[in-house]
Amino acid sequence: MSMSPTLDALIEPLIHSPRLPEIAEALQIRLRDETARRRRFYSEMTDAEKVEFIDGKVVMHSPARNMHLIVQQNIHQLLLNHALIHNLGTVRGEKCLCVFPRNDYEPDVVFFGQAKAASFTPHTMKFPVPDLAVEVLSDSTEHRDRGVKFDDYAAHGVAEYWIVDPEAGVVEQYLVCEGRFELKLKSDSGELTSPTLGGLTLPLKACFDPLENLAALQTIVKSRPFG
């Protein structure tokens with residue numbers, strides 16, 4: 001089985017090490033322990049908490065500030081209504097646990113295309129890798145949003161990633177290319193067009209300002225196909 005160039009680059013320095021067998025054994029022991037802790041995480045988690053499993057550790061999230069909640073709600077409303085009106089798939093909010101090969105995340109907003117959404121039931125608690133993920137920055141999460149999540153999302157099938165700064169009023173839009181994210185847009189004004197959401201175009205101000213958000217929602221509703 002061939003590996004990606006990125007994975008090859010990570011493994012290559014170890015291939016010629018005389019300690020490769022020891023390294024491989026240590027990794028296997030660590031992964032077995034991590035798998036056991038992940039099973040325990042699944043058995044103990046509840047829908048009353050926002051909690052993630054990252055790098056073998058349970059990460060509990062504190063309550064969000066009002067500006068974070070406003071931005072998260074604005075974006076959720078825009079994507080949800082667009083996806084619903086155009087029958088594109090499903091949009092979920094921050095309590096949606098997305099299962100990656102090693103980690104489990106609860107992004108602020110996620111979109112799943114029809115193929116993935118078709119498998120959901122009323123009792124689904126563990127969701128697949130989303131097609132689009134949105135993270136609204138806070139002081140306590142920015143290092144993960146720009147670090148482990150950024151790398152994991154790109155490597156495992158998230159086609160589009162938005163990083164939203166609620167204080168600066170800036171949206172960064174990344175599109176995946178060969179397992180890496182490439183910056184398409186970083187701005188506090190103008191419009192954003194999402195290829196993952198069927199070409200949805202929205203004014204960036206609608207992510208931050210409730211009145212701009214309402215106007216954008218009205219435009220989305222008017223775009224509803226007839227028949």
Side-chain angles (χ1 to χ4, degrees), residues 1-46 49-62 94-113 115-116 119 124-165 172-184 186 196:
M1 183 173 108
S2 63
M3 292 181 288
S4 70
T6 302
L7 197 55
D8 279 336
L10 290 172
I11 293 174
E12 183 61 29
L14 301 176
I15 292 297
H16 305 292
S17 170
R19 303 192 66 183
L20 180 60
E22 300 167 60
I23 294 169
E25 183 180 1
L27 286 173
Q28 286 296 328
I29 292 171
R30 187 160 190 160
L31 284 173
R32 283 197 296 270
D33 178 62
E34 186 173 302
T35 298
R37 279 183 272 129
R38 196 177 190 186
R39 285 197 296 266
R40 189 161 61 249
F41 166 74
Y42 288 148
S43 69
E44 294 175 353
M45 71 179 186
T46 72
E49 304 167 321
K50 180 170 181 178
V51 60
E52 299 177 310
F53 188 83
I54 304 174
D55 288 348
K57 298 178 181 178
V58 177
V59 178
M60 302 288 295
H61 291 271
S62 58
E94 62 179 351
K95 289 294 188 67
C96 179
L97 187 76
C98 299
V99 177
F100 284 67
R102 183 184 179 193
N103 301 310
D104 301 282
Y105 306 111
E106 291 189 342
D108 289 301
V109 184
V110 289
F111 164 74
F112 303 96
K116 294 177 182 178
S119 67
T124 297
M125 281 189 70
K126 297 194 304 187
F127 292 79
V129 172
D131 296 301
L132 180 147
V134 180
E135 296 287 6
V136 181
L137 296 179
S138 65
D139 292 341
S140 62
T141 66
E142 183 170 4
H143 68 289
R144 286 189 293 269
D145 296 339
R146 296 190 181 279
V148 62
K149 290 187 178 184
F150 190 93
D151 294 337
D152 209 352
Y153 289 178
H156 292 110
V158 178
E160 186 171 346
Y161 182 32
W162 300 2
I163 296 178
V164 184
D165 186 334
E172 299 170 34
Q173 178 193 27
Y174 296 89
L175 300 180
V176 78
C177 179
E178 297 182 352
R180 294 177 180 272
F181 280 133
E182 294 183 353
L183 181 65
K184 181 183 179 184
K186 180 177 181 180
T196 311

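Here the structure is a predicted model, which means the values were calculated and not measured.
- How far OG of S62 is from NZ of K50: 10.0 Å, rounded to the nearest 0.5 Å.
- Counting heavy atoms from C-beta outward, M45 and E52 have side chains that stay 4.5 Å or more apart.
- Between R146 and L137, the closest side-chain pair of non-hydrogen atoms falls below 4.5 Å.
- Taking the charged nitrogens against the carboxylate oxygens, K149 and E135 do have a contact shorter than 4.0 Å, which makes a salt bridge.
- Within a 6.0 Å sphere centred on NZ of K184, heavy atoms belonging to other residues, nucleotides or ligands number more than 12.
- Rounding to the nearest 0.5 angstrom, the gap separating the CG atom in D104 from the OH atom in Y42 is 3.5 Å.
- V99 is listed as a side-chain neighbour of R38, based on a closest heavy-atom distance under 4.5 Å.
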Notebook entry, point to check: Stepwise, does the side chain to side chain contact (heavy atoms under 4.5 Å, CB included) test hold for I29 with E25?
Noted result: CA-CA 6 Å; I29 292 171; E25 183 180 1; 4.2 Å; yes

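- Going from atom CG of D165 over to atom CD of E172 covers 8.0 Å, rounded to the nearest 0.5 Å.
- Side chains of I163 and Q173 form no contact here, defined as non-hydrogen atoms less than 4.5 Å apart.
- Going from atom SG of C96 over to atom CE of M125 covers 10.5 Å, rounded to the nearest 0.5 Å.
- Residues S119 and T124 come closest through the heavy atom pair O-OG1, 4.5 Å.
- Checked against the 6.0 Å centroid criterion, the rings of F150 and Y174 qualify as a close aromatic pair.
- Considering every non-hydrogen atom in both I54 and N103, the closest pair reads CA-OD1, 3.4 Å.
- The minimum heavy-atom distance linking S43 with R40 is given by the pair OG-O, 2.8 Å.
- Of the inter-residue distances, the one linking F111 atom CZ with W162 atom CH2 reads 11.0 Å to the nearest 0.5 angstrom.
- Salt bridge absent: R37 and E34 never bring a charged side-chain N and a carboxylate O closer than 4.0 Å.
- Contact record, A159 with T196: CB-OG1, 4.0 Å, taken as the closest heavy-atom pair.
- Salt-bridge check for K95 with D108: failed, with every basic side-chain N at 4.0 Å or more from each acidic carboxylate O.
- Ion pair D55/R102 flagged as a salt bridge, since at least one NZ, NE, NH1 or NH2 atom sits closer than 4.0 Å to an Asp/Glu carboxylate oxygen.
- Contact detail for Y161 and D145: the closest heavy-atom pair is OH-O, 2.7 Å.
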Next item on the list: Apply side chain to side chain contact (heavy atoms under 4.5 Å, CB included) to the pair L175 and E182, showing each step before the final yes or no.
Entry: CA-CA 5 Å; L175 300 180; E182 294 183 353; 5.8 Å; no

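- With contacts defined as side-chain heavy-atom distances shorter than 4.5 Å, the pair P130/Y105 does not qualify.
- At least one donor-acceptor pair closer than 3.5 Å links the side chain of K116 to the backbone N or O of V129.
- Side-chain contact check for L27 versus R30: every heavy-atom pair is 4.5 Å or farther apart.
- Contact check for L132 versus Y153: no side-chain heavy atoms found under the 4.5 Å cut-off.
- Using modelled atom types, one side-chain atom of T35 and one backbone atom of L31 make a donor-acceptor pair closer than 3.5 Å.
- E94 is not listed as a side-chain neighbour of P107, based on a closest heavy-atom distance of 4.5 Å or more.
- A pairwise comparison of heavy atoms in C98 and F112 identifies SG-CZ, 4.0 Å as the closest pair.
- With rounding to the nearest 0.5 angstrom, the OG atom of S17 is 12.0 Å from the CD atom of E12.
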Margin query: Show, in sequence, the C-alpha distance, side-chain angles and deciding distance for V51 and F41, and conclude whether the side chain to side chain contact (heavy atoms under 4.5 Å, CB included) test is met.
Written below: CA-CA 9 Å; V51 60; F41 166 74; 3.6 Å; yes

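- Using modelled atom types, no side-chain atom of D131 and backbone atom of V158 make a donor-acceptor pair closer than 3.5 Å.
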